Structure formats: C-alpha cells, structure tokens
Amino acid sequence: MAVQMPFAGLMFMNRLVRMSTPSQRHLRNRILLVKLHKCLREIRTFSTGSVKWNKDEEDSSDPAPLSTTLTSRQALLSRRRRPLSPLERISGLLPQDALSPEVTQLREQNQQDTADIQVSVTNCAPEESGHGTHPENEDSETLDAQLKGTLHEDERSMSPTLPGERLLAFGELLVAEYRKKGRVEFRKLFKLQAGQRLQSSWGTIPHDDMAGQPAGRFLKTSRGVPILTRRASLEDYVLYMKRGPAITYPKDAATMLMMMDVTEGDWVLESGSGSGAMSLFLSRAVGSKGRVLSMDIREDHLKRATINYNDWRTSWNLRRGEEWPDNVQFHNADLRTASPLLAGWGFHAVALDLINPHLALPTVTQHLHPGAVCAVYIPNITQVVELLEGLRCLAYPLLCECIIEVPVRDWIVAPALRKDGSNCVSKAPIQDEDQKEGAPDETDTEETTPNLHPAFGSIPYIARPHPEQMSHTAFLVKLRKTVQ
C-alpha cells in the first residue's frame with residue numbers, strides 16, 4: 001500500500017507535466033478550465049450576495065461592525081471549504097514556472113477575487129455604520145416625502161375650504177343615492193351613526209367612512225359601486241321620513257305658503273298635523289319671531305309629527321352649528337271644539353288638512369285676521385263640493401278665490417346616443433341641386449374624426465316626459481276672510 005501511493009503520485013505528476021508543456025494535448029483540458037472558471041464565478045456571486053444580504057440585515061439591527069466581520073469570514077471560509085478538483089490540488093504543489101499560462105491566469109484571478117471580496121466588505125462597513133449615504137436609503141426617503149405630501153393634499157381636500165362649510169358629523173341626516181343612465185336606482189334617508197353601515201343591494205358603506213368627509217362626495221360600496229352621499233334637504237326629509245298618515249307634498253306645501261303669504265313673524269294655525277311635513281314648512285317660513293300652533297285629533301299622529309320635527313331640528317343644529325327655531329306647539333285637540341284653547345290668539349293664516357273641513361270653519365273665522373287666507377288641502381273632488389256647499393248654506397264670511405291642482409311633470413332631456421354609446425352628430429340640412437353647385441364642397445369632419453369635446457350645438461338632444469310621473473295628490477282651495 002505504501003508502494004502504490006507514491007506510484008500514483010508520480011503518475012499524476014507525469015500527466016500534469018505533459019499538460020503543462022506547450023503541445024496539442026493542452027487544448028483538451030481547456031474545457032475543464034472553462035468549467036472551473038464558471039464554478040469560481042458562481043462562488044464569487046454567492047459570496048457577494050451573502051454580503052449584501054447581511055448588509056440589509058445590519059440596517060435593521062444595532063451591532064453593525066460585528067455582522068460585517070462575520071460576513072467577511074463567512075465569505076472566505078466558504079471559499080476555503082469548497083472542495084478542490086484534482087487539477088487544483090496538484091497545481092498547488094508545483095512551482096510557478098512549471099504551470100501552463102491558463103493555470104497561472106486562473107490562480108491570479110482567484111487571488112484577485114479574494115481581494116475584491118475583502119475590499120467590498122470593508123467599504124460596506126462605514127455605510128452601514130451611518131458615515132456614508134446609501135442610494136436605496138435616499139430612494140426610500142424620497143418615497144416617504146412623496147407619501148407625506150400626498151397625505152397632506154388629501155387632508156387639505158377633506159378640510160373645509162369655503163366660509164361656513166362643515167364636514168359631515170355623526171347625528172346628521174344624509175341621503176344616499178345611486179344613479180344609472182340618468183335614472184335613480186337607489187335612494188335612502190338615514191342618520192349618520194358611529195359603528196353602523198349603509199345597507200343596499202349594491203353593497204355596504206361604513207358610517208365611519210362618511211364622518212369627516214365633505215358633503216356631496218361619491219363613496220364606493222363593498223362591491224365597488226359609487227354612491228353619492230349628501231345632506232338631506234327639507235324636501236328630502238319630508239318625502240323619506242317615517243310617516244303615519246299621508247304627508248303634504250312639497251309641491252303643494254310651497255303653493256299653500258304662497259297662497260297664505262306667510263312671512264317671518266306670522267302666527268299660523270294648522271289643523272291636521274299628520275306626520276309633521278306642513279309643520280316643518282310653516283316653522284321655516286315664520287322664523288324665530290313667529291309661532292305655529294299645530295293640532296290633531298289623533299294622538300299617534302301627533303306623536304309621529306313631534307318626533308319628526310325634533311329629529312330635523314337636531315340634524316339642523318349639527319349641520320349649521322345653530323339651532324332651528326323652536327316655534328311649533330303641538331296640541332292633541334279637535335279644532336271644532338278648541339275655542340277655549342284658541343282664546344286670545346289671532347292668526348295671520350290658517351292651513352287645514354281635514355276630512356270635513358267645512359265643520360271647522362266657525363272656529364277658524366273667529367280667530368282669523370280680516371283679509372287673511374285659509375288654505376285647505378283636500379284629496380278628493382267630492383270633499384271640495386261639500387266645502388263649497390257648507391260655505392253657501394252657512395254664509396261664512398269667506399270668499400273662495402280659487403281651486404287649483406298642482407301638477408309636476410318630470411322630463412328627460414339628454415344628449416342623443418348611438419347604440420355603441422357614442423354621441424350623435426347634428427347634420428346639416430339637405431340643399432337643393434342648384435345650391436350644391438354654388439356651395440363649396442365641405443365634408444362632415446365630425447362624423448369621421450372622433451372628438452371628445454364636440455363644438456357647442458353640434459350634438460342633438462332628446463326631450464320627452466319621464467315614464468314615472470307623480471299623479472294627483474290633492475286640490476288646494478283658497479278662502480279669504482272678508483268683512484261685511
């Protein structure tokens with residue numbers, strides 16, 4: 001065994017000497033050298049990658065010099081512990097003069113790579129310790145500054161910009177609506193409350209996301225549908241509030257206010273509180289200096305009207321920062337027998353919404369100022385006939401000036417669209433043959449070239465009544481008190 005080992009060593013030495021001499025056999029081993037060179041490159045890439053990974057770890061940890069030292073040692077140990085090929089082992093035992101130029105060049109590259117790793121590790125140490133600047137750190141700082149600027153811009157857009165503007169607050173009455181192709185598909189009145197959600201067929205929106213936002217903003221639901229959230233107007237509140245009996249619709253209430261000529265400071269009598277719609281309109285009309293006395297024979301109707309009135313006042317206080325005038329007094333009484341309650345009262349106007357209004361006229365005429373108006377809200381035309389018959393038989397000092405119905409007709413007016421959704425283009429009228437010969441040849445460029453913003457008057461419009469119309473609501477009778 002001792003004899004075989006030296007003999008094998010001499011055989012390897014003989015083969016290596018043959019390879020190192022300039023001959024044609026030298027070309028056979030170039031493939032091995034190329035493979036060896038590739039392996040060294042992969043090892044160098046792995047070692048430098050480990051150094052970079054340790055650098056990133058050191059940025060987030062405290063002991064930077066210790067991790068740098070460990071990185072350099074690990075890189076060198078990984079190079080030393082790599083298994084060597086037989087050619088590398090034997091070439092390390094031979095003198096420099098006996099090696100071929102390829103092996104000599106490979107050894108020099110090995111030494112140079114080791115030196116480069118050490119230099120790169122030493123250069124990374126001051127950057128990690130904070131004495132140098134890192135381009136990635138600069139990029140992250142720039143990105144942070146941009147994000148902060150974006151957040152500041154969002155805060156500015158959410159902050160009120162106009163005098164008197166207020167952001168949405170909990171307790172306000174809001175309206176959420178969704179329109180599709182110009183038609184209202186969803187509309188809901190709700191109170192903004194912490195921890196609640198707006199429920200709809202198009203998804204949900206947390207109330208917390210609405211609070212602190214400006215009114216009139218589109219918010220996306222959980223299904224990605226944009227919903228418009230805005231403050232409820234008095235008209236919205238009257239139409240969508242909880243109600244017991246039927247309400248006086250805004251179109252009729254506005255006409256009745258014009259009939260009675262209600263101004264700030266007036267005292268108005270209302271009989272038939274209902275759900276409180278007319279009480280709210282009268283309260284706004286008379287202002288803080290006026291008074292409204294609202295009466296209803298049914299206690300449940302009066303309770304509903306009182307709740308709706310107080311809810312609107314609370315929402316108004318949060319919306320404007322000032323109190324809605326507390327100028328309405330609700331009484332559970334029958335107007336026909338309420339003369340003791342009305343003792344000492346004089347009214348500038350009277351609004352009646354009763355089944356048999358002609359039975360309450362004796363009480364009305366006693367407390368209505370001369371020349372003032374009593375507006376009567378009557379759903380059926382037969383009730384109008386009974387009222388006029390009562391005036392004729394009892395000879396009340398009341399003059400019927402007019403009986404009207406207030407129709408409101410919604411219309412659809414929109415640009416004409418093609419089937420593909422693009423706008424139609426207005427075409428010039430067809431000219432006669434004689435006019436065509438004298439006129440210059442002009443081509444309709446608007447039809448051939450698409451234009452995002454067509455010229456004024458170049459797009460035709462369609463106009464037709466809306467398919468869903470509000471039908472008859474009531475007849476309005478205007479009675480004026482006269483003096484004989």
Side-chain angles (χ1 to χ4, degrees), residues 234-235 238 245-287 290-297 328 334-336 338 342 345-409 470-484:
L234 184 56
E235 180 184 5
V238 166
I247 63 170
T248 303
Y249 282 86
K251 66 182 185 68
D252 299 323
T255 306
M256 291 177 68
L257 291 175
M258 294 298 295
M259 280 183 174
M260 297 182 290
D261 193 22
V262 179
T263 58
E264 185 177 1
D266 287 350
W267 286 35
V268 182
L269 172 64
E270 179 196 11
S271 183
S273 304
S275 297
M278 194 63 193
S279 303
L280 285 168
F281 286 113
L282 291 173
S283 175
R284 184 170 65 176
V286 300
R291 304 296 295 175
V292 176
L293 181 60
S294 182
M295 304 172 61
D296 201 290
I297 194 173
V328 180
D334 188 355
L335 183 58
R336 295 176 297 179
L342 301 179
W345 285 69
F347 299 102
H348 299 88
V350 176
L352 300 181
D353 184 4
L354 303 173
I355 298 178
N356 299 309
H358 60 280
L359 299 179
L361 291 181
T363 307
V364 170
T365 54
Q366 294 177 12
H367 301 278
L368 184 62
H369 291 178
V373 173
C374 173
V376 187
Y377 184 89
I378 303 178
N380 300 322
I381 192 63
T382 55
Q383 293 174 294
V384 175
V385 174
E386 291 178 357
L387 175 61
L388 297 179
E389 186 66 13
L391 290 175
R392 184 188 66 82
C393 294
L394 300 177
Y396 293 126
L398 295 172
L399 175 64
C400 180
E401 293 188 351
C402 65
I403 303 171
I404 64 172
E405 180 184 11
V406 183
V408 175
R409 197 176 191 185
M470 180 181 292
S471 58
H472 168 79
T473 55
F475 295 100
L476 305 181
V477 181
K478 184 179 179 180
L479 304 177
R480 187 180 299 274
K481 183 179 179 179
T482 60
V483 178
Q484 295 178 356

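As the structure is a prediction and not an experimental result, all values here were calculated from the model.
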First locate atom [atom1] of [X], then atom [atom2] of [Y], and finally report the distance between them rounded to the nearest 0.5 Å.
X      : Y      : atom1 : atom2 : value
Thr473 : Asp252 : OG1   : CG    : 3.5 Å
Arg392 : Cys400 : CZ    : SG    : 14.0 Å
Glu235 : Leu280 : CD    : CG    : 13.0 Å
His367 : Leu269 : NE2   : CG    : 9.0 Å
Met256 : Cys374 : CE    : SG    : 8.5 Å
Phe281 : Ile247 : CZ    : CD1   : 8.0 Å

Exercise for the section: Using only heavy-atom distances, determine whether the side chains of Asp266 and Thr263 contain a donor-acceptor pair under 3.5 Å. Expected result: yes

Practice task
May I ask you to check whether Ser294 and Ser273 show a side-chain donor-acceptor distance below 3.5 Å?
Solution key: yes

Please check if the side chain of [X] supplies one atom and the backbone of [Y] the other of a donor-acceptor pair under 3.5 Å.
X      : Y      : value
Asp334 : Arg336 : yes
Thr363 : Leu335 : yes
Lys251 : Val408 : no
Lys481 : His369 : no

Exercise for the section: For residues Leu479 and Val364, determine if any side-chain heavy atom of one lies less than 4.5 Å from a side-chain heavy atom of the other. Expected result: no

Exercise for the section: Please examine the side chains of Tyr377 and Leu476, heavy atoms only from C-beta on, and report whether any two atoms are closer than 4.5 Å. Expected result: yes

Might you point out which heavy atoms bring [X] and [Y] nearest each other, and give the distance in Å?
X      : Y      : answer
Ala349 : Val262 : CB-CG2, 4.3 Å
Met260 : Ala375 : CG-CB, 3.8 Å
Pro370 : Val483 : CB-CG2, 3.7 Å
Gly265 : His348 : O-CE1, 4.5 Å
Phe347 : Leu342 : CZ-CD2, 4.0 Å
Pro379 : His472 : O-NE2, 2.9 Å

Table please: side-chain donor-acceptor pairs of residues 353-362 below 3.5 Å, with sequence neighbours left out.
none

Practice task
Among residues two or more places apart or on two chains, list those pairs meeting ring-ring contact (aromatic ring centres under 6.0 Å, His included) that have a residue in residues 246-270.
Solution key: Trp267-Trp345

Practice task
Could you check Leu282 against Leu257 for side chain to side chain contact (heavy atoms under 4.5 Å, CB included), going step by step and ending with a plain yes or no?
Solution key: CA-CA 8 Å; Leu282 291 173; Leu257 291 175; 3.6 Å; yes

Practice task
Could you check Thr365 against Leu398 for side chain to side chain contact (heavy atoms under 4.5 Å, CB included), going step by step and ending with a plain yes or no?
Solution key: CA-CA 8 Å; Thr365 54; Leu398 295 172; 3.7 Å; yes

Exercise for the section: Would you check, one step at a time, whether the test side chain to side chain contact (heavy atoms under 4.5 Å, CB included) holds for Ile404 with Met259? Expected result: CA-CA 11 Å; Ile404 64 172; Met259 280 183 174; 3.4 Å; yes

